[in-house]
Amino acid sequence: MEIRIDLAPKELRKAPELKSPPFGKIFTPHMFIMKYEEDQGWYSPEIKPFSEIKLHPAAIVLHYAQTVFEGLKVYWGIDGRIRLFRVWDHINRLNRSAERMCIPTLNSELVFEAIKTLVLIDKDWIPKEKGSALYLRPFIFATEGTLGLKVSREYLFLIIASPVGAYYKEGFDPVKIYVTEDYIRACPGGPGDVKTGGNYAASLKAQAIAQNKGYTQVLWLDAIERKYVEEVGSMNIFFYLEEELVTPMLTGSILPGITRDSVLKLAPLLGVPAKERKITIEEVIEGIERKTLKECFGTGTAAVITPVGKIFYKGRDYIINREETGKITRLFFEYITGIQYGEKEDPFKWTTLLED
Ligand SMILES: *Cc1c(COP(=O)(O)O)cnc(C)c1O
């Protein structure tokens, strides 16, 4: 399928000064859009000026949340070349999420072509400062106008792009997290392992409570026993415990993060033993008290690695590594961002160079 291109007027295409733009508020002048109808399949892929979209007030997504999304980044390398990080993994995960939500999957090659074409058209909007990037948000949602609860017969797929600044403007400082025992993020059999809107709407309440108490993120426990650690906010979680990096194994209610996978794959190369297994919150607390748990961090595309310095559990705060960013945390942050900006060797060929 040929992607139709309709460029925005020249005066709208000029990029502003992009010094540490706030997350997700500024958008490039173009977007990709494609439609789906049951009897036609996906059709009319198009890149056009960024604009609002019209929706039927009974569009299924607005009422029943049939929708999925991805988040990936484009980096301006130190060599002036444009790199995508693990783009095929993001495309595959988008299709896995779609499949779970009864949304028709997309042709992966076409999605890649759409990303590439959009990024090259708006390439002046990729911030150049180290740490900043162009964040891409592909998403699909159900547009059929009906209040009947059913699988939609119509969809829209869009890709929008937003220049984002370095996550750590004031240094790489550890966050404080709050273990919630009252709320859960995901349960076995639920859609916690895919990126679908409702998961995030459902997480806001616990997040608001944590923030009101002065914590940055929620630490989520498993739904059944409230005993096993699952994720932190919308990031995966790692602990450096007894000289080994451990992260909860993927049991079906944990989102299989691509940054998580990158840490696990790089660990042996960096000489750090790493393991996926079930981890109890009691074990974490005990590790902190005995000082065998030396570091903790979250992983996700937005911040790559987020150090954790404090955990609130059952009425008490537990401090990790004097609330300082640890060596292992820093090692993975430096290595992964090094690959993304073309400073370090890319042993797994995770980056894709984009060229006109
Ligand atoms: C997106 C996401 C992550 C991180 O995934 P990455 O692929 O590393 O960006 C982790 N947990 C949740 C719930 C997520 O939505």
Side-chain angles (χ1 to χ4, degrees), residues 23 71-73 85-86 131 133 135 164 166-180 183-186 192-193 195 199-200 203-204 206-207 210-211 214-222 228-241 244-251 253-267 272 274-277 279 281 283-285 287-288 293-313 317-321 323-337 340:
F23 186 83
L72 69 157
K73 281 177 171 176
F85 186 70
R86 302 193 69 170
Y135 182 84
V164 294
Y167 225 82
Y168 303 104
K169 283 187 252 343
E170 292 106 38
F172 194 35
D173 288 332
V175 300
K176 308 172 184 27
I177 62 180
Y178 180 91
V179 180
T180 174
Y183 297 92
I184 57 149
R185 192 194 78 86
D193 59 346
K195 286 178 118 63
N199 287 342
Y200 306 86
S203 75
L204 295 174
Q207 174 68 19
Q211 272 171 357
Y215 296 84
T216 329
Q217 304 268 346
V218 173
L219 191 141
W220 302 102
L221 300 179
D222 78 283
Y228 298 101
V229 172
E230 296 216 320
E231 298 204 48
V232 56
S234 51
M235 292 183 286
N236 295 112
I237 191 163
F238 282 82
F239 301 97
Y240 190 56
L241 178 60
E244 185 180 60
L245 204 51
V246 290
T247 191
M249 60 195 269
L250 302 176
T251 51
S253 48
I254 292 173
L255 195 289
I258 291 166
T259 319
R260 172 188 182 278
D261 185 71
S262 303
V263 169
L264 287 171
K265 292 213 163 81
L266 284 174
V272 182
K275 197 185 276 163
E276 301 172 75
R277 64 167 172 91
I279 302 159
I281 183 67
E283 184 186 354
V284 168
I285 298 302
I288 298 173
L293 192 156
K294 298 207 175 96
E295 300 183 34
C296 172
F297 58 85
T299 63
T301 294
V304 187
I305 304 269
T306 301
V308 173
K310 188 192 270 186
I311 298 183
F312 176 91
Y313 182 59
D317 278 329
Y318 297 86
I319 306 290
I320 303 169
N321 196 39
E323 282 194 85
E324 285 165 20
T325 301
K327 278 207 295 281
I328 300 292
T329 306
R330 238 174 245 286
L331 176 70
F332 282 91
F333 179 78
E334 295 299 334
Y335 209 90
I336 295 173
T337 55
Q340 291 167 337

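Only this structure's heavy atoms are used, side chains among them; waters, hydrogens and symmetry mates stay out.
Side-chain contact between Ile237 and Cys296: present, with at least one pair of heavy atoms (C-beta onward) separated by less than 4.5 Å. Residues Gln340 and Val304 meet the side-chain proximity criterion, which asks for heavy atoms closer than 4.5 Å. No side-chain heavy atom of Thr216 sits under 4.5 Å from any side-chain heavy atom of Ile177. Residues Tyr313 and Val284 are not in side-chain contact: their nearest non-hydrogen atoms beyond the backbone lie 4.5 Å or more apart. Contact check for Tyr200 versus Ser234: side-chain heavy atoms found under the 4.5 Å cut-off. Between Asp317 and Phe312, some side-chain heavy-atom pair lies under the 4.5 Å cut-off. With a 4.5 Å cut-off on side-chain heavy atoms, Asn236 and Glu231 count as touching. The shortest distance between side-chain heavy atoms of Val218 and Tyr183 does not fall below 4.5 Å.
Once rounded to the nearest 0.5 Å, the distance linking OG1 of Thr325 with CD1 of Ile320 reads 11.5 Å. Annotation: the span from Ile184 atom CD1 to Ser253 atom OG amounts to 8.5 Å, rounded to 0.5 Å. Taking OG1 of Thr329 as the reference point, atom CD of Glu295 lies at 3.5 Å (rounded to 0.5 Å). Here CD1 of Ile281 is found 9.0 Å from OH of Tyr318. Values are rounded to the nearest 0.5 Å. In this structure, CD in Glu244 is found 8.0 Å from CG in Leu241, a value given to the nearest 0.5 Å. Summarising the geometry, atom CD1 belonging to Ile336 is positioned 4.5 Å from atom CD1 belonging to Ile305; distances are rounded to the nearest 0.5 Å.
Nearest heavy atom pair, residue Gly300 against residue Thr259, reads C-OG1, 3.3 Å. Counting all heavy atoms, side chain and backbone alike, Ala186 lies closest to Gly192 at CB-CA, 3.5 Å. Pairing each heavy atom of Gly233 with each of Trp220, the nearest pair is O-NE1, 3.2 Å. Closest of all the heavy-atom pairs between Val263 and Phe332 is O-CE2, 3.5 Å. Between Pro307 and Phe297, the shortest heavy-atom contact is CA-CB, 4.0 Å.
Remark: Glu276 engages Thr247, Met249, Leu250, Arg260, Leu264 in a side chain to side chain contact (heavy atoms under 4.5 Å, CB included) (not counting sequence neighbours).
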* To do: Begin with the C-alpha distance, continue with both residues' side-chain angles, and end with the deciding distance and a verdict on side chain to side chain contact (heavy atoms under 4.5 Å, CB included) for Leu221 and Val229.
  => CA-CA 5 Å; Leu221 300 179; Val229 172; 4.3 Å; yes
* Dump the intermediate steps for side chain to side chain contact (heavy atoms under 4.5 Å, CB included) on Tyr240 and Leu245, then the final yes or no. => CA-CA 4 Å; Tyr240 190 56; Leu245 204 51; 4.2 Å; yes
* Start with the C-alpha gap between Thr306 and Gln217, add the side-chain angles, then the distance that decides, and say whether side chain to side chain contact (heavy atoms under 4.5 Å, CB included) holds. => CA-CA 11 Å; Thr306 301; Gln217 304 268 346; over 6 Å; no
* Asked: Would Tyr215 and Lys310 count as a side chain to side chain contact (heavy atoms under 4.5 Å, CB included) if you check the C-alpha gap in whole Å, the side-chain angles of each, and the deciding distance to 0.1 Å?
  -> CA-CA 9 Å; Tyr215 296 84; Lys310 188 192 270 186; 4.2 Å; yes
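Between Glu230 and Arg185 there is no salt bridge, since no side-chain N of the basic residue sits under 4.0 Å from a carboxylate O of the acidic one.
No side-chain donor-acceptor contact under 3.5 Å links Lys176 to the backbone of Gly309.
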